[in-house]
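Worksheet: one structure, shown below.
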Amino acid sequence: MRIARFVHSGGMAFGVVEGETIVAIEGHPFGEIKHTDQRWAVADVRLLSPILPSKVVCVGRNYAEHAAEHGSEVPKEPLLFLKPSTSVIGPRDVIRLPPQSKQVEHEAELAVVIGAAGARRVDRANAHTAIFGYTCANDVTARDLQRSDGQWTRAKGFDSFCPIGPWITTDVDVSDVEVRCEVNEEVRQLGRTKDMVFDVPTLIAYVSHIMTLLPGDVILTGTPAGVSPLNSGDMVSVRIGGLGELHNPVMTL
């Protein structure tokens, strides 16, 4: 099932994407999914970020080749940082390049969306019970600020630095799917989730022993090698096998 959040002529709703059609549902998707009689062509609505998380928990250096391209070691435990909820944008929303940075880069990532049960001190074997579904994400990063600051909050936290979408896909196996990033249709990143140092169940267990994961929270699972700068006028696309495509234009703030 593919769950989207969207704006239509009568307001905002969650819906189930069925081919080229989106069917509105009653209320929030974390409850029982009840279809309404309202439906639109996907092309006729504006897709929003499929969820509004209270926090976005990110994992650094979770692909060995990405760690190597920055001259870093693979961490012995998951390396965590946070993005603020205000950094989240949706499909086709603009990534805005801030004046404080001269080197903003893309990072294509698999995103895990936590479900209604949340997660607090779950073990790896039961981590799947916390998952609502998966979507595409872009961990946009001001690389020069990341290096100069030493910690990553400013570099990762600008408004518009966390595109998510186009929808949440449930009941899908993401243990070995392609993660691809294209800028102006040129492939910049190409990896597979099987190459993650720490897999999804490990990450959920690890994070949930540090902080409670609330329904709708998002975990970004790291990026493959190939990150590169974004420039005003670019179109950056994240494609993950079985999950769809996330497109965002880039403009100077």
Side-chain angles (χ1 to χ4, degrees), residues 1-57 83-97 108-118 130-140 157-172 174 182 213-220 233-251 253:
M1 185 180 296
R2 296 183 293 175
I3 303 291
R5 192 171 67 96
F6 65 102
V7 173
H8 55 85
S9 56
M12 189 274 291
F14 286 96
V16 176
V17 179
E18 299 177 347
E20 299 302 316
T21 301
I22 188 164
V23 183
I25 63 173
E26 295 181 5
H28 200 282
F30 287 169
E32 181 182 355
I33 300 292
K34 294 183 178 180
H35 291 69
T36 70
D37 58 3
Q38 296 179 308
R39 59 180 59 227
W40 296 265
V42 173
D44 292 338
V45 302
R46 178 190 169 204
L47 295 178
L48 306 173
S49 63
I51 202 71
L52 293 174
S54 75
K55 56 185 172 292
V56 180
V57 184
K83 278 181 175 282
S85 59
T86 48
S87 67
V88 174
I89 58 174
R92 302 289 177 180
D93 289 341
V94 176
I95 297 170
R96 300 201 174 273
L97 304 177
E109 309 206 6
L110 170 71
V112 184
V113 180
I114 301 299
I131 300 172
F132 179 67
Y134 303 90
T135 190
C136 306
N138 191 344
D139 175 20
V140 182
F158 285 97
D159 290 353
S160 79
F161 269 27
C162 191
I164 296 175
W167 40 65
I168 300 167
T169 302
T170 64
D171 303 318
V172 61
V174 296
E182 298 179 4
L213 291 167
L214 300 176
D217 281 351
V218 170
I219 298 177
L220 302 191
D234 285 345
M235 175 65 75
V236 56
S237 302
V238 175
R239 295 180 168 90
I240 298 182
L243 302 185
E245 303 178 357
L246 173 64
H247 306 284
N248 294 95
V250 180
M251 293 180 60
L253 186 62

field: Contacts of His35 that satisfy ring pair (Phe, Tyr, Trp, His ring centres under 6.0 Å) - sequence neighbours left out
entry: none

Output all residues satisfying side-chain hydrogen bond (donor to acceptor under 3.5 Å, both in side chains) with [X], sequence neighbours left out; order by chain, then residue number.
{"X": "Asn248", "value": "none"}
{"X": "Glu245", "value": "Arg239, His247"}
{"X": "Ser54", "value": "Asp217"}

Give every donor-acceptor pair under 3.5 Å between a side-chain atom in residues 11-25 and any protein atom, sequence neighbours left out.
none

Can you tell if the side chain of [X] reaches within under 4.5 Å of the side chain of [Y], non-hydrogen atoms only?
{"X": "Leu214", "Y": "Ile114", "answer": "no"}
{"X": "Ser160", "Y": "Val94", "answer": "no"}
{"X": "Pro29", "Y": "Ile168", "answer": "no"}
{"X": "Thr135", "Y": "Thr169", "answer": "no"}
{"X": "Val250", "Y": "Met235", "answer": "no"}
{"X": "Leu97", "Y": "Phe158", "answer": "no"}
{"X": "Tyr134", "Y": "Val172", "answer": "yes"}
{"X": "Ile51", "Y": "Val218", "answer": "yes"}

Rounded distance (nearest 0.5 Å) linking atom [atom1] of [X] with atom [atom2] of [Y]:
{"X": "Leu52", "Y": "Thr86", "atom1": "CG", "atom2": "OG1", "result": "11.5 Å"}
{"X": "Asn138", "Y": "Leu246", "atom1": "CG", "atom2": "CG", "result": "7.0 Å"}
{"X": "Asp139", "Y": "Cys162", "atom1": "CG", "atom2": "SG", "result": "7.0 Å"}
{"X": "Thr170", "Y": "Met1", "atom1": "OG1", "atom2": "CE", "result": "5.5 Å"}
{"X": "Ile219", "Y": "Glu109", "atom1": "CD1", "atom2": "CD", "result": "12.0 Å"}

Residue pairs fulfilling side-chain hydrogen bond (donor to acceptor under 3.5 Å, both in side chains) with at least one residue in residues 39-52, sequence neighbours excluded: Arg5-Ser49, Arg46-Asp93

query: Backbone N or O of Leu243 within a donor-acceptor pair of the Trp167 side chain at under 3.5 Å?
result: yes

- prompt: Any donor and acceptor pair, going by atom type alone, linking the side chain of Lys83 with main-chain N or O of Val140 inside 3.5 Å?
  reply: yes

message: With a 4.0 Å cut-off on N to O distance, would you call Arg96 and Asp159 a salt bridge?
response: no

message: Show, in sequence, the C-alpha distance, side-chain angles and deciding distance for Val113 and Ile131, and conclude whether the side-chain contact (heavy atoms from CB on, under 4.5 Å) test is met.
response: CA-CA 6 Å; Val113 180; Ile131 300 172; over 6 Å; no

